[in-house]
Amino acid sequence: MTGAELKQLRNDLSDALERKLSAADMAKLCGLPGTSGADTIRRWEVSGPTPEATRILRVLAMASERYPILEKFDIFDRHDVREEDRPAKRTAFRAQMRDEARRRLG
């Protein structure tokens, strides 16, 4: 993930959560320390996040319709899920991801 992609992710998550996310908010979502977390996010928006942070950010990105549901989370395309039920289950999963992000933000 590049710095520009992280900036776009912050904007996309802001849209998904229906509130403008600050660098401090993104730090909370990533579990970064409060005192320096916002500075770390701003630095990553220039240079790109670490590989470990990128993994966390890809999971958080699933709260937005603009990002795919990662394969290891995609339980919707299995043979035991009726095809007509899949869109509703994906929608419910994304809503659950948004609720979790809101809970982390307080």
Side-chain angles (χ1 to χ4, degrees):
M1 178 177 284
T2 66
E5 290 170 332
L6 177 55
K7 282 182 185 179
Q8 185 61 52
L9 175 58
R10 181 166 28 147
N11 291 331
D12 293 340
L13 286 176
S14 292
D15 292 343
L17 299 175
E18 299 175 336
R19 68 178 266 194
K20 183 77 171 150
L21 295 179
S22 66
D25 291 333
M26 288 298 288
K28 278 185 193 177
L29 290 175
C30 291
L32 297 173
T35 55
S36 62
D39 290 335
T40 300
I41 293 293
R42 284 189 283 277
R43 192 169 47 254
W44 285 350
E45 287 181 343
V46 173
S47 64
T50 64
E52 297 81 18
T54 297
R55 285 193 287 279
I56 293 169
L57 291 164
R58 286 200 172 117
V59 171
L60 291 170
M62 292 188 296
S64 171
E65 296 289 337
R66 295 182 182 136
Y67 296 87
I69 295 174
L70 297 176
E71 187 174 314
K72 67 181 177 179
F73 291 92
D74 190 358
I75 59 170
F76 316 108
D77 290 328
R78 298 185 331 202
H79 70 282
D80 60 342
V81 177
R82 293 181 353 173
E83 199 161 328
E84 57 270 13
D85 294 339
R86 293 174 184 177
K89 290 188 179 288
R90 283 187 192 96
T91 299
F93 175 78
R94 289 192 190 275
Q96 183 180 9
M97 293 297 295
R98 287 189 295 272
D99 289 344
E100 175 61 21
R102 288 183 189 107
R103 185 193 65 74
R104 287 184 182 198
L105 292 172

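Numbers for residues simply follow the sequence, beginning at 1. Only heavy atoms go into these numbers, but all of them, side chains included; no hydrogens, no water, no symmetry mates.
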Quick one: [atom1] on [X] to [atom2] on [Y], what's the gap to the nearest 0.5 Å?
{"X": "Gln8", "Y": "Leu13", "atom1": "CD", "atom2": "CG", "result": "10.0 Å"}
{"X": "Leu29", "Y": "Arg103", "atom1": "CG", "atom2": "CZ", "result": "10.5 Å"}
{"X": "Ile69", "Y": "Arg58", "atom1": "CD1", "atom2": "CZ", "result": "16.0 Å"}

Hey, any chance [X] and [Y] share a hydrophobic cluster, counting ILVMFWY side chains that come within less than 4.5 Å of each other, even indirectly?
{"X": "Leu105", "Y": "Leu57", "result": "yes"}
{"X": "Met1", "Y": "Trp44", "result": "yes"}
{"X": "Met97", "Y": "Leu17", "result": "no"}

My understanding is that only residues two or more places apart in sequence, or in another chain, count here; which of them pass side-chain hydrogen bond (donor to acceptor under 3.5 Å, both in side chains) with [X]?
{"X": "Thr54", "answer": "none"}
{"X": "Asn11", "answer": "none"}
{"X": "Arg104", "answer": "Glu100"}

Nearest heavy-atom neighbours spanning [X] and [Y]:
{"X": "Ala23", "Y": "Ala38", "answer": "CB-O, 3.7 Å"}
{"X": "Pro49", "Y": "Leu6", "answer": "CD-CD2, 4.4 Å"}
{"X": "Leu21", "Y": "Met26", "answer": "CD1-SD, 4.0 Å"}

Any residue meeting side chain to side chain contact (heavy atoms under 4.5 Å, CB included) with [X], in chain and number order, not counting sequence neighbours:
{"X": "Ala61", "result": "Leu9, Tyr67"}
{"X": "Val46", "result": "none"}
{"X": "Asp15", "result": "Arg66"}
{"X": "Gln96", "result": "Phe93"}

Can you check whether Ala63's main-chain N or O pairs, donor with acceptor, with Arg98's side chain at less than 3.5 Å?
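Yes, because the side chain of Arg98 sits within donor-acceptor range (under 3.5 Å) of the backbone of Ala63.
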How about CD on Glu18, more than 12 heavy atoms from neighbouring residues, nucleotides or ligands closer than 6.0 Å, or not?
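Check fails, neighbour count at 12 or below.
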Residue pairs involving residues 38-51 (criterion salt bridge (Lys or Arg N to Asp or Glu O under 4.0 Å); sequence neighbours excluded):
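Non-adjacent pairs meeting salt bridge (Lys or Arg N to Asp or Glu O under 4.0 Å): Arg10-Glu45, Asp39-Arg42.
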Give me each pair satisfying salt bridge (Lys or Arg N to Asp or Glu O under 4.0 Å) with a member in residues 21-30, each pair once, sequence neighbours excluded.
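Every pair satisfying salt bridge (Lys or Arg N to Asp or Glu O under 4.0 Å) with a residue in residues 21-30: Arg19-Asp25.
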Test of understanding: with salt bridge (Lys or Arg N to Asp or Glu O under 4.0 Å), list the residues that count as partners of Glu65, not counting sequence neighbours.
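Glu65 satisfies salt bridge (Lys or Arg N to Asp or Glu O under 4.0 Å) with Arg94 once adjacent residues are dropped.
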List for me each residue that meets salt bridge (Lys or Arg N to Asp or Glu O under 4.0 Å) alongside Arg55, sequence neighbours excluded, and say none if there are none.
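If we apply the salt bridge (Lys or Arg N to Asp or Glu O under 4.0 Å) test to Arg55, skipping adjacent residues, there are no hits.
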